[in-house]
Each structure stands twice: as C-alpha cells, then as structure tokens.
Amino acid sequence: MKEVLKVKNLTKTYLKKKKKIIVLDHLNYQFNAGKFYCVNGKSGAGKTTFVEILGLLKEYDEGQILVDNQDASKLNSKQKSSLRNQKIGFVFQSFYLIPTMTAIENVMLPMYLDRTKSKKEIRKRALNLLDIMGLKDRKAHYPKELSGGEQQRVAIARALINNPTIILADEPTGSLDSENEDNILNILKGLAKDGKCIIVVSHNEKTMKYADEVIEIKGGGLICKTNSLS
Ligand SMILES: Nc1ncnc2c1ncn2[C@@H]1O[C@H](COP(=O)(O)OP(=O)(O)OP(=O)(O)O)[C@@H](O)[C@H]1O
Ligand SMILES: [Mg+2]
C-alpha cells in the first residue's frame with residue numbers, strides 16, 4: 001500500500017514555567033493511502049499536538065515528517081502552507097467556519113487560495129461536495145443559520161475541496177447525533193476506500209469500529225492496536 005505520511009523520530013516538548021513537558025518522544029509511524037486510522041489515548045496524551053504537527057500547523061523539536069515522500073522539515077513556512085493546502089484537508093473540532101461567508105463560500109475558500117481554477121469551476125466543485133454532504137439546499141446559509149451537524153458537514157466539504165491525499169480530523173463527530181455520526185463516518189470510510197488516508201482523533205467506540213487501524217498515543221509513543229472492534 002502506498003505510504004503517504006511518515007513520521008520519523010518525532011519529538012515535541014512544551015516548556016511551561018521552566019518545566020519541560022515531553023509530549024511526543026521519538027515517535028515513528030507510517031500512514032498509508034486507502035486506510036482509515038483512529039488515534040486515541042488519554043486526555044493530555046498528545047493527540048491534538050500530534051495531528052497539528054502532522055498537518056504542518058505546529059513546530060516540533062526533532063524528527064521528520066514526510067508528506068508524499070517530501071520532507072516537510074526542510075521547507076520554509078510558505079512552502080509548508082502550499083504543501084498543506086495541496087495535500088492535507090482538516091476538520092477541526094470547532095469547525096472554524098468563517099461566520100461572514102455562506103456555506104458554499106466556506107467550502108470554496110481553500111481552493112480560492114490556490115488561484116489556479118476559475119471561480120465558476122470552484123463553485124461547481126463546492127456545490128457537488130455540498131450535495132454529497134446532503135446540504136445542497138443549505139448552500140446560501142451562514143454558519144449561524146446551520147445546525148451543529150450541518151456546520152460539521154460544511155467543514156468536511158471544505159476539507160475535501162482541494163482533493164487532498166490526507167484528511168486529518170480531531171473529534172469530527174463530537175457534537176453529532178448518532179445518525180449524523182454514522183453519515184460522517186461512512187463518508188470518511190468511503191474516502192478511505194477511494195484511496196485517501198484518513199486520520200481521525202477519537203475516543204468514540206463507533207469511530208474505532210469504522211477504523212482499519214486503531215492507534216494509541218501513550219507515554220510519548222504510538223502503539224498500534226489491532227482493531228478488535230471491527
Ligand atoms: N501550548 C502549550 N504549552 C504547554 N503545554 C501544553 C501546550 N499545549 C498543550 N500542552 C500540554 O501538552 C499535553 C498534550 O496536549 P494535547 O492537547 O495534545 O492533548 P490531547 O491528547 O489532545 O488531549 P484531549 O483529549 O484532552 O484533547 C497536555 O498535557 C497539555 O497540557
Ligand atoms: Mg485534543
């Protein structure tokens with residue numbers, strides 16, 4: 001299976017009141033295309049830190065991150081943003097939708113940043129994604145005019161607009177009812193089947209059941225648990 005994201009000897013520490021907290025300690029892992037990963041671990045274990053580093057949003061002390069075989073540790077911040085925008089889609093726990101933009105404008109935004117496609121093309125693609133998410137008739141709604149679950153689906157559509165190789169999500173079903181949770185997990189599972197690499201932080205047993213591989217962050221390292229639930 002094609003390797004799309006590799007972490008080598010990743011170490012991350014935080015310094016607080018002169019005290020060093022080692023969150024990730026020479027961690028190694030390889031993520032492949034076509035797989036759905038669920039990352040869990042106790043509160044404070046370093047899950048959010050880990051996915052933010054994987055998404056090139058956070059600096060680290062030591063080690064390497066290879067995105068599609070490209071060593072991100074050698075890139076400057078502009079090159080990193082460009083690599084992130086092309087290859088990685090994010091779904092944050094708190095969505096971060098832009099309140100002054102409608103659903104479709106929020107979805108279009110990451111593709112706009114690239115400036116390579118026409119507005120018409122981007123709009124068409126965004127509309128198709130909203131349709132897949134069951135939100136075609138909500139395209140003109142502002143985030144405050146959408147339910148929590150609808151906002152979350154807009155955030156997922158936005159993460160997909162640039163057709164990323166890797167999708168990172170931090171507790172993406174956190175605020176959803178059981179039916180919407182299944183919808184989102186099925187969408188993510190389908191994307192993995194289409195060859196994307198899906199990495200989801202979650203404690204939720206349902207997410208673990210959907211995952212091909214469940215991994216735990218513990219004591220600064222990653223432990224792969226065979227997925228006994230699926
Ligand atoms: N900016 C910071 N400065 C100092 N310590 C931090 C900082 N950010 C996070 N930490 C500490 O690093 C550890 C890992 O935090 P992180 O947010 O990655 O945990 P988590 O596994 O996502 O937890 P949760 O399940 O509660 O979301 C925690 O102990 C936290 O207190
Ligand atoms: Mg967290």
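Computed from a prediction, not measured in an experiment: that's the story for all the values here. Each ligand, and each atom within it, is numbered from 1 in the order the structure gives. For the single chain, residues carry numbers from 1 onward in sequence order.
Not a single N, O or S atom of Ser43, from either the backbone or the side chain, sits less than 2.8 Å from the Mg ion (ligand 2).
Summary of contacts: the protein heavy atom closest to atom 3 (N) of ligand 1 is Tyr14 CD2, 3.7 Å. Nearest protein neighbour of atom 16 (P) of ligand 1, counting heavy atoms only, is Thr49 OG1, 3.6 Å. Of the protein's heavy atoms, Lys47 NZ, 2.7 Å lies nearest to atom 25 (O) of ligand 1. Here the protein heavy atom with the shortest distance to atom 28 (C) of ligand 1 is Gly44 O, 3.6 Å. Among all non-hydrogen protein atoms, the one lying nearest atom 26 (O) of ligand 1 is Ser43 OG, 2.6 Å.
When only interatomic distances are considered, the shortest N/O to N/O separation between Leu15 and ligand 1 does not fall below 3.5 Å. The shortest N or O to N or O distance between Thr48 and ligand 1 is under 3.5 Å. For a threshold of 3.5 Å applied to N or O pairs, the pair formed by Ile21 and ligand 1 contains no separation below that value.
Counting heavy atoms from C-beta on, the side chains of Met133 and Leu160 come closer than 4.5 Å.
Salt bridge annotation for Lys189-Asp212: present, with a cationic side-chain nitrogen under 4.0 angstrom from a carboxylate oxygen. A salt bridge links Lys6 with Glu3: the closest approach of a Lys/Arg side-chain nitrogen to an acidic carboxylate oxygen falls below 4.0 angstrom.
Every atom of ligand 1 is numbered from 1 in the order shown, and the set under 4.0 Å from a heavy atom of Val23 is 12 (O), 13 (C), 14 (C).
Thr13 and Asp61 share a donor-acceptor pair across their side chains, judged by distance under 3.5 Å alone. Side-chain polar atoms of Lys206 and Ser178 form a donor-acceptor pair below 3.5 angstrom.
The backbone N or O of His203 lies less than 3.5 Å from no partner atom in the side chain of Asn40, so there is not a single donor-acceptor pair.
In this structure, Lys42 has a heavy atom closer than 4.0 Å to ligand 1. The closest approach between a heavy atom of Gly41 and any atom of ligand 1 is not below 4.0 Å.
Relative to the ring axis of Tyr14, Lys12 places its NZ or CZ within 45° and under 6.0 Å from the centre.
Using a 30° and 60° split on the angle between ring planes, Tyr37 and Tyr29 fall in the perpendicular class, above 60°.
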